[in-house]
Amino acid sequence: MTSEIRTELTGGVLTITFARPDKKNALTNEMYGVLADTIEQAQRDSHVRVLLLQGDGDIYTAGNDVAEFAAIAAGKGPGERHVHRFLHALANSTVPIVAAVNGKAVGVGTTMLLHCDYVVLAQDAQLITPFVNLALVPEAASSYLLPLCIGHVRAFEMFAMGEPLDAQTAVAWGIANKVCANDQLRAEARRMAEKLAAKPAGSLSAMKKLMRDAEKLVSQMDSESARFQERLASAEAREAFSAFAEKRKPDFTRIAQ
Ligand code: COA
């Protein structure tokens, strides 16, 4: 198992940690593969009663590794893209998922929260969905779930502007449950996860299945994925990825639609 994803099972809580802090926990294909395997296996392991997601360092995750996006855009991507398996595993999970978010949660860092059942934010948490800034489209069924959660105009603004949403606003809008002090984040998320682990697991999982239409979510993910692939191959996306690598602002004004 790659050391960039750490897992630990204690007291029925399987903690999954994004552990690539030098790259702001940006998620690579290999990391998605481990995440997908872990979540899939957890569904079959009666010792796992709750999943807890968290990130090492000063950030939850910077989202998909942009260098890997650039490689895919150049036709040099991996044979199998594990991100799809990871997203499907999230949508299909009947094990409750808790997230502990500190610092920035960018792209899939935010959209995965829409599949979590209890979200704790540190005071410094910021939710950012810069898909349009990268000339892409939203993924992880977020084009359906985010408007459902916060309304169309707020969701449109988050996706189109890509500006950070602070922790208090995220709670007020119903994306997360609570905000706590940065140094209390892991303890608080763990406390909630342990509370859930003590509940009747069969009842929780039956309730979750009633509340989330996994089939609809997977179908939305697949539609998004088709658009996402088209966008990855666009001149706009190439400009966005080059700008990121060259640490400059992108210039889309010369590119016709
Ligand atoms: N993919 C690949 N590498 C990433 C990354 C990503 N998504 N996010 C950060 N990194 C790398 C940086 O390239 C840098 O690497 P280097 O030290 O080799 O130059 C390192 O992580 C530290 O990042 P840096 O930008 O210096 O940190 P910061 O604290 O100033 O900013 C972010 C953090 C997350 C705001 C900024 O890195 C960022 O905007 N990342 C891109 C996020 C993104 O667009 N994700 C895709 C969403 S769909």
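Positions are given from 1, in the same order as the sequence printed here. Every number for a ligand or one of its atoms is a count from 1 in the order of the listing.
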Qualifying residue, where the test is side-chain hydrogen bond (donor to acceptor under 3.5 Å, both in side chains) with Thr17 and the options are Gln54, Arg186, Glu8: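 Looking at Gln54, Arg186, Glu8, the match for Thr17 under the side-chain hydrogen bond (donor to acceptor under 3.5 Å, both in side chains) is Gln54.
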Any side-chain heavy-atom pair of Ile175 and Leu165 under 4.5 Å: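 When only atoms from C-beta onward are counted, Leu165 and Ile175 do touch, with a gap below 4.5 Å.
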Residue that, paired with Cys116, satisfies side-chain contact (heavy atoms from CB on, under 4.5 Å) out of Leu53, Leu90, Leu52, Val101: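 It is Leu53, the one option of Leu53, Leu90, Leu52, Val101 that forms the side-chain contact (heavy atoms from CB on, under 4.5 Å) with Cys116.
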Of all pairs that satisfy side chain to side chain donor-acceptor pair (under 3.5 Å), the ones with a partner from residues 147-161, not counting sequence neighbours: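 Matches after skipping sequence neighbours: none remain.
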Run through all N or O atoms in ligand 1 and write down each protein N or O closer than 3.5 Å, as a pair with its distance.
unit_1	atom_1	unit_2	atom_2	d
ligand 1	1 (N)	Val66	N	2.8
ligand 1	7 (N)	Ala62	O	3.2
ligand 1	7 (N)	Asn64	O	3.0
ligand 1	15 (O)	Lys23	NZ	3.2
ligand 1	18 (O)	Lys23	NZ	2.6
ligand 1	19 (O)	Lys247	NZ	3.2
ligand 1	45 (N)	Ala62	O	2.8

Set of residues satisfying side-chain contact (heavy atoms from CB on, under 4.5 Å) with respect to Asp117, sequence neighbours excluded: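 Applying side-chain contact (heavy atoms from CB on, under 4.5 Å) to Asp117 gives Pro96, Ile97, Lys208, Arg212.
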Partner set under side-chain hydrogen bond (donor to acceptor under 3.5 Å, both in side chains) for Asp37, not counting sequence neighbours: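 side-chain hydrogen bond (donor to acceptor under 3.5 Å, both in side chains) list for Asp37, sorted by chain: Arg85.
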